[in-house]
Amino acid sequence: MTRPPNRSEALYARIYALVKQIPPGRVATYGQIARLVGRCSARQVGYAMAAMPSGSGVPWQRVLNSRGEVSRRSQGQGDRTQRRLLEMEGVRFDDRGRVNLREAGWPGPDADEPDPFGDL
DNA sequence: AGATTGACTGCAT
DNA sequence: CATGCAGCCAATC
């Protein structure tokens, strides 16, 4: 049979699958996704996002950096679009353009629902 | 095969 | 809390 799929492709598929599990109004970090996927660094997650075709159904806008901020893109105004999409979902940014990960952070794939007592 | 870049992160200053 | 530097893995030249 043909040779097995490249590790990179499987890795990308994993990343996309996890990002798809992030519920609206929540955000995750590159490092968080990387750890959930395993054997993957945050850079690969960012790279996967950049290599992802538009319209793939992946809520890429819900992935932020470890500081809870929208990462600056090398090209285009994608970062602006990302922030707008998140605000539209109810994610609030402070004056410095940062999101409170303690509040809007995605708990994980096993807790896709926010806790009812999530008030600190 | 070596060097450079990239939607990153953690630690030191 | 802002800035700087090293580590990180894959893609591109």
Side-chain angles (χ1 to χ4, degrees):
Chain A
M1 57 213 157
T2 62
R3 57 196 165 76
N6 291 344
R7 190 178 55 181
S8 317
E9 293 200 17
L11 200 61
Y12 280 26
R14 280 288 164 112
I15 293 169
Y16 299 151
L18 269 169
V19 174
K20 281 179 187 168
Q21 292 177 54
I22 306 174
R26 293 265 167 176
V27 293
T29 67
Y30 296 98
Q32 183 180 0
I33 300 298
R35 290 203 179 202
L36 288 170
V37 170
R39 302 217 169 90
C40 171
S41 68
R43 277 225 151 124
Q44 266 51 316
V45 177
Y47 208 95
M49 294 292 118
M52 178 173 49
S54 50
S56 52
V58 179
W60 56 271
Q61 64 269 23
R62 292 176 195 146
V63 184
L64 307 179
N65 63 28
S66 62
R67 293 156 86 177
E69 189 179 51
V70 174
S71 293
R72 207 159 169 219
R73 238 83 70 226
S74 331
Q75 227 169 30
Q77 298 180 328
D79 54 327
R80 189 105 185 91
T81 303
Q82 179 172 8
R83 176 166 175 170
R84 200 177 67 227
L85 285 168
L86 287 175
E87 286 182 320
M88 198 160 51
E89 289 183 358
V91 178
R92 304 222 298 160
F93 288 79
D94 61 17
D95 287 340
R96 287 158 62 233
R98 300 211 308 212
V99 175
N100 185 347
L101 293 178
R102 304 268 210 177
E103 189 176 305
W106 182 44
D110 291 323
D112 50 5
E113 291 218 12
D115 49 78
F117 303 99
D119 61 336
L120 291 200

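Below, chains carry the letters A, B, ... as their sequence lines are ordered, and counting in each starts from 1.
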Side chain to side chain contact (heavy atoms under 4.5 Å, CB included) partners of [X], counting only residues at least two apart:
{"X": "A:R73", "result": "A:V70, A:D79, A:Q82"}
{"X": "A:A104", "result": "A:V27, A:V99"}
{"X": "A:Q44", "result": "A:L11, A:C40, A:S41"}
{"X": "A:A48", "result": "A:Y12, A:I15, A:Y16"}

Count I, L, V, M, F, W, Y as connected when their side-chain heavy atoms are under 4.5 Å apart, and connections chain through other members. Are A:I22 and A:M52 then in the same cluster?
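Result: yes, single cluster for both.
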Using nucleotides 11-13 of chain C, report all nitrogen or oxygen pairs with the protein that are shorter than 3.5 Å.
| residue | atom | partner | partner atom | Å |
| --- | --- | --- | --- | --- |
| C:dA11 | OP1 | A:S8 | OG | 3.1 |
| C:dA11 | O4' | A:Y47 | OH | 3.0 |
| C:dA11 | O3' | A:Y47 | OH | 3.2 |

Just the rounded figure in Å: distance from [atom2] of [N] to [atom1] of [X].
{"X": "A:R73", "N": "B:dT5", "atom1": "CZ", "atom2": "C1'", "result": "17 Å"}
{"X": "A:I15", "N": "B:dG6", "atom1": "CD1", "atom2": "C1'", "result": "14 Å"}
{"X": "A:L11", "N": "C:dC8", "atom1": "CG", "atom2": "P", "result": "17 Å"}
{"X": "A:R14", "N": "C:dC9", "atom1": "CZ", "atom2": "P", "result": "18 Å"}

Mind listing the N/O atom pairs, protein and nucleotides 9-13 of chain B, below 3.5 Å?
| residue | atom | partner | partner atom | Å |
| --- | --- | --- | --- | --- |
| B:dT9 | OP1 | A:G31 | N | 3.4 |
| B:dT9 | OP1 | A:S66 | N | 2.9 |
| B:dT9 | OP2 | A:S66 | N | 2.7 |
| B:dT9 | OP2 | A:S66 | OG | 3.3 |

Tell me which residues in residues 87-100 of chain A put a heavy atom below 4.0 Å from DNA chain C, sorted by number, or none.
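A:R96, A:R98 - these, ordered by number, are the residues of the stretch whose heavy atoms sit under 4.0 Å from the strand.
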Kindly state each residue pair satisfying salt bridge (Lys or Arg N to Asp or Glu O under 4.0 Å) with at least one member in [range], sequence neighbours excluded.
{"range": "residues 13-22 of chain A", "value": "none"}
{"range": "residues 46-55 of chain A", "value": "none"}
{"range": "residues 60-71 of chain A", "value": "A:R62-A:E89"}
{"range": "residues 47-58 of chain A", "value": "none"}

Counterpart residues, salt bridge (Lys or Arg N to Asp or Glu O under 4.0 Å), relative to A:R83 (two or more places apart):
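Salt bridge (Lys or Arg N to Asp or Glu O under 4.0 Å) list for A:R83, sorted by chain: A:E87.
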